[in-house]
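The structure appears below as structure tokens.
None of the values given here were measured: they were computed from a predicted structure.
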Amino acid sequence: MAIENPRILIVEDEAAHAEAISRAFKNAGARASIRVAGTLSGYRQVVASDPPDIALMDLNLPDGSALEILESPAEYRPFPILIITSHGNEQTAVEALKSGALDYVVKSREAFAAMPHTVVRALREWELLQEQKRMVEAVRASEAKYRRISQEFNTLLDNLPDGIVQIAPDLRVIWANRSMTEMVNAEESHLKGSCCYQAFWDFREPCVPCPVARCFHSGEFEEGYFTTPDGKALELRAVPICDESGKVESVIEVVRDISGHRKLEAQLRQAQKMESIGTLAGGIAHDFNNILTAIVGYGYLTLMNMAPDDPHRENIGHMLEGSDRAAKLTQDLLLYSRKQICQKSPVDLNETIRKVEKFLERVIGEDIKCSMALHSEPIVVYADAHQLEQVLMNLSTNARDAMMKGGDLAIVTQQITLGEDFVTSHGYGRPGRYALLTLSDTGKGMNEETRKKIFEPFFTTKEVGKGTGLGMAVVYGIIKEHEGYINVYSEPGIGTTFNIYLPLISSVVQREEIEPGKETQTRGTETILLVEDDESSRQLLTIVLKQGGYTVIEAVDGIDAVKKFMENRETIHLLVSDLIMPTMNGNEAYDEMKAWRPELKAIFVSGYAPDIVRQKLRLEIGVELISKPISPRALLKKIRSVLDEDEV
């Protein structure tokens with residue numbers, strides 16, 4: 001039997017029939033535990049206390065029909081029920097089968113005798129049915145789990161920023177996630193079954209090169225890059241899906257839009273390029289300053305010693321004018337590299353514009369009409385006024401060159417508030433109150449390619465010899481130095497507009513009143529220790545200082561300077577020294593001198609940018625530092641100013 005010693009419940013109200021069934025089991029030698037109940041209530045009592053393995057139930061009982069039991073929920077009868085019915089009740093027995101009975105047997109002597117075999121068969125069938133039921137439940141549970149996992153997986157795929165698509169060997173789309181459909185602006189139903197190159201990009205032939213096609217061929221991971229017809233840069237990654245034999249059945253392609261990454265990479269390269277050129281520009285400016293120091297110095301000395309009617313004065317004047325232009329070029333280089341010292345103070349932007357108005361009119365010419373609409377109230381910014389003037393001059397010069405046949409130049413100032421919408425739309429900036437300086441011209445304008453390059457150093461649209469290409473780079477550097485922002489709008493044939501945003505401050509502009517006709521004293525009789533390792537520069541400065549009435553003690557480097565100081569420390573009034581020198585620099589020599597004379601004053605001269613010098617040599621705050629080139633008159637004024645600063 002399927003179950004050893006099965007527990008059998010006979011539910012039969014006729015005792016003879018119950019006895020015949022029990023005797024059949026004994027005669028068959030079957031080991032079974034048999035109990036008998038004559039009513040439905042008796043059946044329920046037995047089942048409640050000790051459920052059987054199988055119930056042999058008469059269809060009609062004194063207190064009801066077996067159909068009542070069969071129609072109850074299946075969990076209340078976790079065992080098979082075999083219906084025993086009389087002749088003529090087969091139709092009712094069929095209804096019992098429909099209600100859940102395992103089988104039915106028509107009462108007869110033969111049926112009773114064969115009951116042990118019938119029970120064995122029924123128990124085996126019941127086991128098969130239960131196993132099948134468990135399998136069905138397991139399949140249903142697996143399907144539910146699969147549906148849940150599939151839903152979670154699809155939700156995950158649809159919310160990934162990358163486009164993901166499965167492609168068949170004939171390059172037809174099997175499925176695509178939502179990011180892919182949004183990337184190509186098409187419904188998934190439209191993509192399915194279509195060739196990827198046609199559905200995605202409306203191409204007639206496969207893309208070249210195609211990482212998906214390579215992946216089908218190699219059976220390995222492939223990648224590539226593709227630019228869409230609308231200019232998007234895509235990164236493509238193809239992963240093979242293989243069967244048990246290793247044959248590639250399909251390919252999963254991951255499509256990532258790297259347009260933003262490419263833009264950031266381009267910006268980084270541009271920043272690195274500008275930084276490198278800035279370093280180069282700073283070095284070139286330093287060398288120029290050393291050369292110009294001698295040219296300017298000896299030129300002024302020659303001019304000072306010439307008679308007013310000397311015919312060569314004009315030549316010297318032209319030479320000094322050229323030197324002055326060269327000096328301004330070095331200042332442009334330092335400004336571009338952001339290595340020129342920036343002397344900021346509260347400045348009224350309107351007043352700065354008014355100061356250069358006359359110069360602007362001369363620069364742009366009579367055929368260009370210049371109109372100004374300045375804000376009615378002062379617009380105070382924290383800035384270097386001279387650098388703002390340079391911004392105005394450079395932009396006005398560019399506007400003039402763009403209006404060769406005349407036109408209009410408008411300069412407007414106003415106070416505005418930048419909000420988060422500005423930051424979002426422009427990709428830069430901080431919310432707050434700003435001064436807005438706008439310069440608009442009606443010139444030939446620029447195309448988009450040119451507009452993107454105008455702030456690059458040495459980029460120019462002018463003919464060879466008519467521009468250095470540094471003007472706009474200098475403007476950009478100045479505005480960034482002032483923590484401001486600049487953007488440009490332009491279209492060919494329409495004109496160009498520059499918008500400059502500078503942070504507003506609430507300080508009051510300080511004005512220094514100078515008495516008319518008062519001349520700064522430049523001569524003196526004090527003793528100056530001059531330290532310069534470059535012989536030509538030392539000779540020049542010695543001549544300048546002696547002509548100014550000073551006694552000069554020369555030193556060729558820092559060590560020599562300390563030695564000369566120790567020999568004359570009681571008579572030396574001022575140290576004038578180059579900063580960058582071999583063995584011992586000017587600052588180190590000054591520190592040794594101050595150990596003996598703490599009150600000793602000093603002026604340092606350098607061809608390097610002042611802020612870089614202060615950073616590298618850690619100069620004390622208040623130490624005077626002047627940059628080359630400097631004219632003899634300006635040097636003498638500075639010396640006199642330092643010597644007289646503590647006198648009452």
Side-chain angles (χ1 to χ4, degrees), residues 289-290 293-294 296-298 300-301 304-305 341 519-608 610 612-648:
N289 284 333
N290 283 334
T293 296
V296 172
Y298 284 112
Y300 272 105
L301 288 177
M304 291 167 59
N305 294 322
I341 191 168
E519 183 69 22
T520 302
Q521 180 67 30
T522 60
R523 298 184 60 81
T525 59
E526 292 88 347
T527 299
I528 296 176
L529 175 58
L530 174 65
V531 188
E532 173 61 68
D533 62 326
D534 183 78
E535 184 177 358
S536 61
S537 296
R538 188 173 64 253
Q539 291 176 353
L540 168 65
L541 294 176
T542 299
I543 295 173
V544 170
L545 294 176
K546 287 184 176 180
Q547 288 191 358
Y550 298 100
T551 300
V552 180
I553 300 174
E554 299 182 37
V556 298
D557 56 34
I559 295 177
D560 187 34
V562 173
K563 178 183 177 182
K564 297 289 179 61
F565 173 78
M566 296 301 295
E567 296 172 353
N568 304 275
R569 65 175 180 267
E570 299 300 331
T571 60
I572 294 175
H573 298 87
L574 177 68
L575 170 68
V576 176
S577 174
D578 190 13
L579 262 177
I580 309 301
M581 294 181 295
T583 309
M584 177 183 289
N585 64 50
N587 193 39
E588 292 170 342
Y590 181 47
D591 288 340
E592 290 200 19
M593 297 176 195
K594 286 196 299 179
W596 296 92
R597 287 270 307 278
E599 76 281 5
L600 180 66
K601 299 177 181 180
I603 297 176
F604 291 112
V605 181
S606 178
Y608 290 94
I612 297 301
V613 170
R614 290 185 183 276
Q615 179 182 356
K616 287 186 176 182
L617 300 182
R618 299 179 181 178
L619 293 182
E620 296 179 2
I621 297 176
V623 172
E624 293 291 341
L625 176 63
I626 56 179
S627 299
K628 301 175 183 178
I630 184 171
S631 70
R633 184 180 296 276
L635 175 61
L636 293 174
K637 285 184 178 180
K638 174 62 68 175
I639 290 174
R640 194 69 260 161
S641 172
V642 171
L643 289 172
D644 294 342
E645 63 183 2
D646 293 333
E647 296 183 3
V648 179

* Structure fact -> With sequence neighbours left out, the residues meeting side chain to side chain donor-acceptor pair (under 3.5 Å) with Asp534 are Ser536, Ser537
* Where at least one partner belongs to residues 547-559, residue pairs that pass salt bridge (Lys or Arg N to Asp or Glu O under 4.0 Å), sequence neighbours excluded -> Arg538-Glu554
* To do: Can you see which heavy atom on Leu540 is nearest to which on Tyr298, and at what distance?
  => N-OH, 3.4 Å
* Evaluation steps, salt bridge (Lys or Arg N to Asp or Glu O under 4.0 Å), between Arg640 and Glu526 -> CA-CA 10 Å; Arg640 194 69 260 161; Glu526 292 88 347; 2.8 Å; yes
* Asked: Do Leu575 and Phe565 have side chains that get closer than 4.5 Å, going by heavy atoms?
  -> no
* Indicate the atoms forming the closest heavy-atom contact of Pro632 with Val296, along with that distance. => CD-O, 4.4 Å
* Asp560: partners by salt bridge (Lys or Arg N to Asp or Glu O under 4.0 Å), with sequence neighbours left out -> Lys564
* To do: Quick one: closest heavy-atom pair of Leu529 and Ala561, and the distance?
  => CD2-O, 3.7 Å
* Asked: Among pairs that include at least one residue of residues 541-552, which meet salt bridge (Lys or Arg N to Asp or Glu O under 4.0 Å), considering only residues two or more places apart or in two chains?
  -> none
* To do: Locate the shortest heavy-atom distance separating Ala589 from Gly558; write the atom from each residue and the value.
  => CB-O, 3.8 Å
* Residue list, side chain to side chain donor-acceptor pair (under 3.5 Å) with Gln539, at least two apart or on another chain -> Glu535
* **Minimal non-hydrogen separation, Ala602 against Leu574, with atom names** => N-CD1, 3.8 Å
* Reported CG-to-CD distance for the pair Leu579 and Glu588, which is rounded to 0.5 angstrom -> 10.5 Å
* Side-chain touch Leu541/Leu635, heavy atoms, less than 4.5 angstrom -> yes
* Could you check if a side-chain atom of Met566 sits within less than 4.5 angstrom of a side-chain atom of Trp596, using non-hydrogen atoms only? => yes
* **Side-chain heavy-atom pair Leu545, Ile639 within 4.5 angstrom cut-off** => yes
* Asked: Which pair of non-hydrogen atoms, one from Ile528 and one from Val576, has the smallest distance, and what is that distance?
  -> CG2-CG2, 3.6 Å
* Examine distances only and state if a side-chain atom of Lys601 and a backbone atom of Val642 form a donor-acceptor pair shorter than 3.5 Å. => yes
* To do: Check whether any side-chain heavy atom of Ile553 sits under 4.5 Å from a side-chain heavy atom of Ile572, and report yes or no.
  => yes
* In Å, rounded to the nearest 0.5 Å, how long is the span from CD1 of Ile559 to CE of Met581? -> 10.0 Å
* Contacts of type side chain to side chain donor-acceptor pair (under 3.5 Å), residue Arg597, not counting sequence neighbours -> Glu599
* Structure fact -> Rounded to the nearest 0.5 Å, the OH atom of Tyr550 sits from the CG atom of Leu636 at a distance of 6.5 Å
* Could you grab the distance from atom CD of Glu532 to atom CG of Asp578, nearest 0.5 Å is fine? => 4.0 Å
* State the OH-CZ distance between Tyr590 and Phe604, to the nearest 0.5 angstrom. => 6.5 Å
